[in-house]
Amino acid sequence: MKNEITITVYTENQVGLLNRIAILFSRRKINIESLNTSPSELEGIYRFTIVVLEEEEVVRKLARQIEKQIDVLKVYFNNNDEIIWQEMALYKVPADIIAEKVKVERLLRVNGARAVVIRKDYIVFETTGQREEINNLVARLEPFGLIEFVRSARIAIIKASAGIHDQILEFEEKLPGDTLTGNEFLNKHKEVVTE
Amino acid sequence: MISPAHYADVVTPSDTLTLESGSRIVMHALLAEEVNLIFGYPGGAIMPIYDALYDFKDDLQHILVRHEQGAIHAAQGYARASGRTGVVFATSGPGATNLVTGLADAMIDSTPLVCITGQVFAHLLGTDAFQETDVINITTPVTKWNYQVTDASEMAGALARAFYIAASGRPGPVLIDITKNAQLQQTDFEGYEKCSRIRSYRPKPVIRPAYISEAAALIDRAERPLVVFGQGVMLGKAEKEFIDFIEKADLPSAWTIMGMGALPTDHPLAVGMLGMHGNYGPNLLTNQCDVLIAVGMRFDDRVTGRLDKYATQAKIIHLDIDPAEIDKNIKATVPVWGDCKETLPLLTEAIQKKSHVAWRQKFAECHVREMDKVITPEQFPAGGPITMAEVMHQLNQYTGGEAIIVTDVGQHQMVACRYAVMNQSRSNITSGGLGTMGFGLPAAIGAKFGAPHRMVIAIVGDGGIQMTIQELGTIMQTGMKVKVLILNNEYLGMVRQWQELFHDHRYSFVQMSSPDYVQVANGYHIMAASVSAREDLTPALEKMIYHDGPYLLEIKVGKENNIFPMVPTGRSVSEIVLCKEEIRPS
């Protein structure tokens, strides 16, 4: 079954690495739903957050291929319940609508929108939240003349992760991570080897 | 040949900075990496490097090929025969794009290469300058690593990483693209330092002792174990460790096309080749073994046939250095990550001494059946035209299993790999994963440079030879004593066989006419002969073998001979057939 899976990739800062990672997806005809690159908790180390709609088994193999790239330090992949994630959106709304229709302003306030720019002709609001919340607000704003809308890529923090600090320190000796090496027969000695 | 050993200390880091050009740093890097041979083709954007090479030509031999594809295939042949990293020079644009097929081939067959391409001046990048092409992006999917050097100060570091990455872990091709300004630029040069670690790259996964003991327990309990091995045994230089392992537990062992030669073909535990046109026994019995031990192989679809019917009854032990190969095609019951040079001895230590006489007898029975139905009639035909198998049988009498056999791709490749006798590792050089027609002739030239004291025989078809026939010019110019054996059936034989068997005899564009190969070879001042009659075969082979120089021999073989056994596409390995009549409609 296809799930929304968030892939987190820690990398060195190298020109061309984005392409090297992206083509691993396109080669397998997997669409990238969302892609964000940012600095990580460690200086000089970058963090890609990639969202795909795929089967876990496919993502597991893909993650191994990503981790195999020379300049990639570590790859994790997680379901939505294993991460804290947010997206940000900007909405440009005509100023006269806000002035005339009180319920529009209420709608924005209720949804936690914050005005970023207020001008005579338009107002730009910002919200941060999950995909559905943003989609809902867009749908409700559309009838009132939404001039422009943009949503950012997903950024995500892995609940169970302790970050990359320790791993970087001992990277030379580090075993392949459990997520990638996890094997269904591991620790099932009695079932595999029957007397 | 120049001994590379004494170069190792020529350039060492020192406190004194000297100014060097980027191009000369390339030369220092090659010497420090113990390179003494380059296959290449000059052009505008790499001229400063060639100019620097002129000063180093006593220490760095350069082989001028006739096409960049020839250069990279030759470098592959060199690397496969010698176990060292092949080096290629090519210019920007078309020079670099002509390398792409070879890069893809080296990538899928894990061959260590460092390719250096020239590039336009950095300030012209992205302007559609003359002979500019985006080589880095074109080659990204077919290189283990690539990098564009735009400043001479990066040169030494980039090349050090290139050589380290190409040869370590699971080997592969690396491409370094160097802009012309970086070649010309003078920079402070502190000496060349080899690279031995990259923070984000772990060439050897750490061995987990728990898996070794799990694997040993499975092997100890196995009644019908089967070892399937690939090129990993050779890449890990673990041929001896492998033999110790299989001999201790009496494990019948079959090879993939890439693994052929790692175990002598006449070893008592050698049970033949796997795959679509492999031997009958190892294919059939894959689906009867109780423990399948895969060593340095990747379960290619040509080996497994239909995946969901592959060895489903067996526990699978998979030894591989590349974690991405584990569970990729076949789920491993026990994955044994690591370099097989290290994991095999641990496993040998942990397993019990065993004997599997009755189980091995089944392979012997299968072999008898294959002899009766296929091998004997093919190798000793009662009449009719010469068969490819007959040629291989006779060739074995002359090589005694000591020659390097380089093949192209197609029917002749399958016949050569099925019937060649090999006593030494690194004797079989073929394009396995990519199936690159045109590989054979240039790879054979490279193999001869990589193993100058061994006999090198290129066995090629009439299709493949015509894809890279221009490399006869390289033989002419270098005088390399390569034997070229063309098995000419006037067809693109493998495609024709499929059209006969699966496309209702509709021979769609497979008839191939050939030039007069003897005249072509003579035009290149290479001795040559052509035979079609059985009585001429032995003397012709003898003349080829004993001729002291390069030689081309065309043998006209049966036009519509088919290769059997065969695992038809989409079928299970146990549905292997020995003749056309056994193929059931799907």
Side-chain angles (χ1 to χ4, degrees), chain A residues 9-24 26-28 42 44-46 57-58 60-75 164 167-178 180-195, chain B residues 134 136-137 139-148 150 161-162 164-166 168-170 172 174 177 196-208 210-211 213-222 291 315-318 322-329 331-335 337-338:
Chain A
V9 186
Y10 284 97
T11 75
E12 301 285 0
N13 179 20
Q14 279 286 353
V15 176
L17 186 57
L18 171 62
N19 184 41
R20 202 168 254 285
I21 292 171
I23 60 174
L24 295 173
S26 54
R27 176 174 175 183
R28 292 163 179 79
L42 280 190
I45 291 177
Y46 279 70
E57 191 56 30
V58 173
R60 184 188 304 279
K61 289 178 189 176
L62 184 61
R64 285 183 182 172
Q65 296 294 340
I66 299 172
E67 194 163 280
K68 187 166 143 177
Q69 302 307 316
I70 304 293
D71 295 307
V72 170
L73 289 149
K74 192 73 201 135
V75 180
I164 192 101
Q167 292 200 356
I168 296 294
L169 293 176
E170 53 176 322
F171 228 92
E172 285 292 294
E173 286 80 36
K174 190 71 192 158
L175 301 172
D178 280 339
L180 293 191
T181 57
N183 181 279
E184 60 185 292
F185 302 101
L186 182 61
N187 304 327
K188 290 185 183 169
H189 180 268
K190 289 215 167 63
E191 291 161 43
V192 171
V193 183
T194 46
E195 296 297 326
Chain B
D134 185 356
I136 292 295
N137 278 312
T139 59
T140 295
V142 290
T143 49
K144 186 173 172 187
W145 187 65
N146 60 9
Y147 189 77
Q148 187 174 59
T150 52
R161 287 183 77 148
Y164 172 56
I165 290 166
S168 58
R170 179 177 179 176
V174 171
D177 193 38
S196 59
R197 81 181 272 282
I198 295 171
R199 180 171 67 172
S200 56
Y201 170 56
R202 280 150 299 149
K204 283 186 192 179
V206 174
I207 298 163
R208 295 182 168 192
Y211 287 167
S213 46
E214 296 258 319
L218 280 181
I219 295 168
D220 285 346
R221 284 166 176 78
V291 174
K315 302 279 196 292
I316 313 272
I317 299 168
H318 193 175
D322 178 1
E325 287 301 337
I326 306 286
D327 292 351
K328 187 182 83 177
N329 296 330
K331 276 264 181 207
T333 319
V334 179
W337 281 278

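In what follows, every heavy atom counts, from backbone to side chain, and hydrogens, waters and symmetry copies are set aside. Lettering of chains follows the sequences in order, A, B, ..., and the numbering in each one begins at 1.
For chain B, the nearby part of A/I23 is the side chain; its heavy atoms alone come within less than 4.5 Å. No part of B/K204 comes within reach of chain A, as not one of its non-hydrogen atoms sits under 4.5 angstrom from that chain. Interface residue B/D322: only side-chain heavy atoms are found under 4.5 Å from chain A. Contact annotation for B/I165: only side-chain heavy atoms (C-beta onward) come within less than 4.5 Å of a heavy atom of chain A.
Atom-to-atom distance recorded for B/Y201:OH and A/E67:CD is 13.5 Å, nearest 0.5 angstrom. The structure places CG of A/D71 at 10.5 Å from CZ of B/R199, a figure rounded to the nearest 0.5 Å. Atom CG of A/N19 sits about 4.5 Å away from atom CG of B/N137, to the nearest 0.5 Å. Rounded to the nearest 0.5 angstrom, B/T140 OG1 and A/I21 CD1 are separated by 11.5 Å.
For A/R64 (side chain) and B/I326 (main-chain N/O), a donor-acceptor pair under 3.5 Å exists by modelled atom type.
Across B/R161 and A/I70, no two heavy atoms sit closer than the pair NH2-CG2, 4.1 Å.
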> After noting the C-alpha distance and the side-chain angles of A/R60 and B/D327, does the key distance pass the side chain to side chain contact (heavy atoms under 4.5 Å, CB included) rule?
Replying inline: CA-CA 10 Å; A/R60 184 188 304 279; B/D327 292 351; 5.8 Å; no
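Taking the side chain as every heavy atom from C-beta outward, A/R20 and B/I136 never approach each other to under 4.5 Å. Counting heavy atoms from C-beta on, the side chains of A/V15 and B/Q148 never come closer than 4.5 Å. A/V72 places none of its side-chain heavy atoms less than 4.5 Å from the side chain of B/S200.
Heavy atoms from other residues, nucleotides or ligands lying under 6.0 Å from CZ of A/R27 number 12 at most.
Contact count versus chain A (heavy atoms, under 4.5 Å) is highest, among B/K328, B/R170, B/E325, for B/K328.
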